[in-house]
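What follows is a single structure, written as structure tokens, with notes after it.
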Amino acid sequence: MANALNPRQKEAVHYIAGPCLVLAGAGSGKTSVITRKIAYLIEECGFGARNIAAVTFTNKAAKEMKERVSKLVKGKASHGLTVSTFHNLGLNIIRREHKALGLKSGFSIFDAEDAKGLLKEIMLKHNDLESDSVDLVQSEISNFKSAMITPQQALNQADSVGELGVAQVFERYNQALQAYNAVDFDDLICLPVNLFLNSPETLGRWQHKLRYLLVDEYQDTNESQYQLVKQLVGGRGGLTVVGDDDQSIYAWRGARPENLSLLKQDFPTLHVVKLEQNYRSTARILRVANAVISHNPHEFTKTLWSDFGLGDPLRLIRCPNEDAEAERVATDILSQKMRHGLHFKDFAVLYRGNHQSRILELKLQQNQVPYAMSGGTSFFSRTEIKDIMAYLRLLINHDDDNAFLRIINTPRRQIGTSTLEALGRYATEREIGLLTACNEVGLQTVLPDQGLQRLREFASWLTRIRNNCAQNNPMNAIRGMIDDIDYEAWLFQNASSAKVAERRMQNIEFLLSNIENAISRDEEAEDNEAFVKNAIAKLLLMDLMERQEEEDDSDRVQLMTLHASKGLEFPRVFLMGMEEELLPHRNSIDDDNIEEERRLCYVGITRAQKNLTMTLSASRKQFGEKTETSMSRFIEEIPEEDLELEGFGQATQAQLETRAKETVNNIFDMFND
DNA sequence: AATCCTGGAGTTTTT
DNA sequence: CTCCAGGATT
């Protein structure tokens, strides 16, 4: 990125008279604009760093932004600046205001898996919905929350039996969360919004603290996030949002790209700046990208251009089948690498769906091409991490029954289902948590001595750990806890090989060192318990995998979905599976969502700096059957002179086969007549 | 608790 | 076809 800002970028950075919308095309230096603007606000406009918040969607983006700001701003002037994800900002608000929200300190954060388990339990218990619709109900509840619809409203507006059922589950689910002293991911946004709606005094305090707000990837905000932004900004106009409606690819999970245009209505004095100069790609790649995206309707039209030369034409390679396609990509990478003296890490292969990576991986292995795949199971969904986190959660939140149930028999403590059921009944009747119930005298009457004794043993052991944690070094207490339960032995006992178990133990070690790190940097906590509480809460929102990946910057071809590629750039890019039903995806064709698919294609194209190769397969095995494919409609939208075709000359083997089949069928039909 | 069987789906995914 | 989850069976 050039050091000097171009005139448009300068305008975006220096405009502070009111709310400002920056329409930043792909590769137009939007992160620079945000970071420079933060520096400008601090150094030139007299804003205190602690009165500024910059909000992004991913931890990765937040981390990058933080680093760039601290390089830009001298000394300690950037101290106290908030650069975080929406969810982290919401968490901070909830942490400070937890009493007003009816939460006890040390409340748990349920991830999608925890939430799903809870929902399943509720639906099973009340038996009013088929339990195989858990996923559906979960996403509907998530939609309700991100649209700021309360259970009460959902009940009122339900106009079918099914909708009523979902609304009831929604209500019970929220009650259960409250009982467990827990919140889910969506709550991290919608609880603060509700609080601010009900308490102008609280909102006033936060407005006083946060006087300037910068929001990245604005096209990805949902309703609740937009409301939070509006509330915090109030009438003061201390707002800069950066976004690109052409890169909105998350509408399917509630993002509302129209929030970009709605901004004009909510802030009539909105100043709009367009960034159209691209610092990433060749003119040819941009021409193609512009051509494709111009087929979408636009509220704001942008035309990207760059100072770089025209560059290579795009190649479109048609292969007879998916094997050949993957093989071709693998060998092409090798030959390009040889010819141009490149590294493997200069290449990225992008595709629509995760399953497309399978064959490719195989072919890359066969050709000895090293690769790295992003995505996959995140750090916090690993069982060993979830186990230890559950221990920690229960340690700081007695009411977290989910955590209790997860670990009560992990490792084995010989507490059977009947014991747990009795405990559950007892706790529900009295509206107390399972752990609390363990210590109650009345429990004696409903439980056999043996089960009772084991439960009490567990509860008092945990109390010892907690006291140890509060009075001595919390990290030692946590390590002691893991030793006590002999978790390492449990891992070795359960893993398929010693290697796997060792890996898992290393993951735990990694988790612990991150907790230690979070504790040592915490400046707000007043006691050991608060240290641990803050650390756990912070970690839950952080994907530690990202850090691990960054440490491993070896020379590998990057494999990822188009979604995962947003925000990244690579010298040479392959775009696989340019076929109807794949890109655009079949479901999107059915649902008439072509525009988002086109944006996905646009995102893919604009990842490339120098060279772009698109491939497609003339036939594809799907669900066991071989089917003919047709070329993606997006290819038709590319100017012919920018494409170099390969594999379109003669009929492919697959076509010959189909033709033969057709002939046979025709003859068959003649006989049937 | 482990294993086998059966059925259903088979886009994208962060927090 | 292939992979998963969940239930049933041992």
Side-chain angles (χ1 to χ4, degrees), chain A residues 55-62 84-92 94 109-117 120 124 130-136 138-139 142 145-146 183-191 216-217 220-222 224-225 247-255 322 350-359 374-381 409-410 412 414 416-417 493-494 496 537-546 560-567 577 581-591 593 596-597 599-601 603-604 620-627:
Chain A
V55 188
T56 65
F57 274 85
T58 63
N59 289 301
K60 202 171 161 188
S84 74
T85 59
F86 262 106
H87 291 83
N88 239 316
L89 178 67
L91 173 65
N92 282 335
I94 295 176
I109 301 167
F110 276 21
D111 67 12
E113 205 187 311
D114 299 322
K116 194 171 157 184
K120 203 181 283 176
L124 229 55
E130 286 156 53
S131 55
D132 59 331
S133 56
V134 180
D135 286 322
L136 198 76
Q138 185 170 27
S139 80
S142 176
K145 288 193 178 187
S146 46
V183 298
D184 66 18
F185 278 134
D186 297 314
D187 286 337
L188 292 175
I189 314 293
C190 72
L191 290 183
D216 191 17
E217 304 279 14
D220 288 341
T221 51
N222 64 30
S224 61
Q225 288 158 340
Q247 291 187 70
S248 159
I249 54 176
Y250 287 111
W252 54 271
R253 65 168 201 221
E322 60 254 78
L350 312 180
Y351 36 80
R352 176 67 233 255
N354 271 317
H355 63 277
Q356 286 175 263
S357 70
R358 280 246 167 73
I359 310 166
S374 38
T377 29
S378 88
F379 189 75
F380 280 100
S381 54
N409 268 319
T410 308
R412 302 254 157 270
Q414 295 175 41
T417 37
Q493 189 190 317
N494 281 63
S496 52
K538 265 185 214 158
L539 284 177
L540 267 166
L541 288 186
M542 222 190 281
D543 201 344
L544 298 176
M545 268 316 274
E546 282 167 8
M560 66 190 83
T561 62
L562 286 164
H563 283 92
S565 76
K566 196 168 92 166
E581 312 248 293
L582 211 54
L583 184 69
H585 193 273
R586 187 192 298 110
N587 298 356
S588 299
I589 298 175
D590 295 345
D591 303 348
N593 269 341
E596 181 143 320
E597 296 290 307
R599 292 193 287 266
L600 208 43
C601 181
V603 166
R620 211 168 264 281
K621 269 201 295 279
Q622 56 178 182
F623 313 145
E625 254 176 307
K626 201 174 198 179
T627 30

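Naming convention: chains lettered A, B, ... in sequence-line order (proteins, then strands); numbering from 1 in each chain.
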query: When the distance from CD1 of A/Ile249 to P of B/dT13 is rounded to whole Å, what number comes out?
result: 9 Å
d(CD, A/Gln356; C1', B/dG10) in whole Å: 12 Å
message: Show the nearest heavy-atom pair for residues A/Asn222 and A/Ser146, with the distance to one decimal.
response: ND2-CB, 3.3 Å
task: Name the closest nucleotide to the A/Ala112 side chain, picking from B/dT13, B/dT15, B/dT12.
output: B/dT15
message: Looking only at the side chain of A/His87 (C-beta and beyond, no hydrogens), which of the listed nucleotides B/dT13, B/dT11, B/dT15 gets closest?
response: B/dT15
- request: For A/Asn354, report the nucleic acid contact type (base, sugar-phosphate, nothing); a contact means any heavy atom under 4.0 Å.
  value: sugar-phosphate
statement: Picking from B/dT11, B/dT15, C/dG6, the nucleotide nearest the side-chain atoms of A/Lys120 would be C/dG6
query: Salt bridge check: are A/Lys116 and A/Glu113 linked by an N-O gap of less than 4.0 Å?
result: no
query: According to a strict under-4.0 Å criterion, is A/Lys566 in side-chain N/O contact with OP1 or OP2 of B/dT14?
result: no
message: Check this one for me: any side-chain N or O of A/Arg586 less than 4.0 Å away from OP1 or OP2 of B/dG10?
response: no
message: Expressed as a whole number of angstroms, how long is the span from A/Ile189:CD1 to B/dT14:C1'?
response: 11 Å
query: Between A/Trp252 and A/His563, does the ring centroid distance fall short of 6.0 Å?
result: yes
field: Spacing between A/Arg599 atom CZ and B/dT12 atom P, to the nearest angstrom
entry: 18 Å
- prompt: Do you know which two heavy atoms are closest between A/Ser588 and A/Glu597, and how far apart they sit?
  reply: OG-OE2, 2.8 Å
- request: Describe, in one word, how the ring planes of A/Phe185 and A/His87 are oriented to each other, choosing from parallel (under 30°), tilted (30 to 60°) and perpendicular (over 60°).
  value: perpendicular
message: Nearest to the side chain of A/Thr58, heavy atoms from C-beta on, is which of C/dG6, B/dT15, B/dT11?
response: B/dT15
- request: Could you check how far NZ of A/Lys116 sits from P of C/dG6, rounded to whole Å?
  value: 6 Å
- request: Determine the contact category for A/Arg620: base if any of its heavy atoms lies under 4.0 Å from a base atom, sugar-phosphate if only primed atoms, P, OP1 or OP2 are that close, otherwise nothing.
  value: nothing
- prompt: Just to confirm, is there a sub-4.0 Å distance from OP1 or OP2 of B/dT12 to any side-chain nitrogen or oxygen of A/Ser588?
  reply: no
- prompt: Between C/dC3, B/dT13, C/dG6, which one does the side chain of A/His563 approach most closely?
  reply: B/dT13
message: Measuring only the P atom in each nucleotide, how far is B/dT11 from C/dC4? A whole number of Å is fine.
response: 13 Å
field: Residue A/Arg358, side-chain atoms from C-beta onward, closest of B/dT15, C/dC3, B/dT12
entry: C/dC3
message: Please report the distance, rounded to the nearest Å, between CG in A/Asp135 and P in C/dC4.
response: 15 Å
message: Stacking between B/dT12 and A/Trp252, yes or no? Criterion: centroid separation under 5.5 angstrom, plane angle under 30 degrees.
response: yes
field: Phosphate contact (B/dT15 OP1 or OP2) by A/Asn59 side-chain N/O below 4.0 Å
entry: yes
task: Take the protein atom CZ of A/Arg253 and the nucleotide atom P of B/dT15, then report the distance between them rounded to whole Å.
output: 8 Å
C/dC3 versus B/dT14 - spacing of their P atoms, nearest Å: 23 Å
query: Charged N to carboxylate O below 4.0 Å: is that the case for A/Arg620 and A/Glu581?
result: no
- request: Identify, between A/Arg412 and A/Asn587, the residue whose nearest nucleotide on DNA chain B lies closer to the 5' end.
  value: A/Arg412
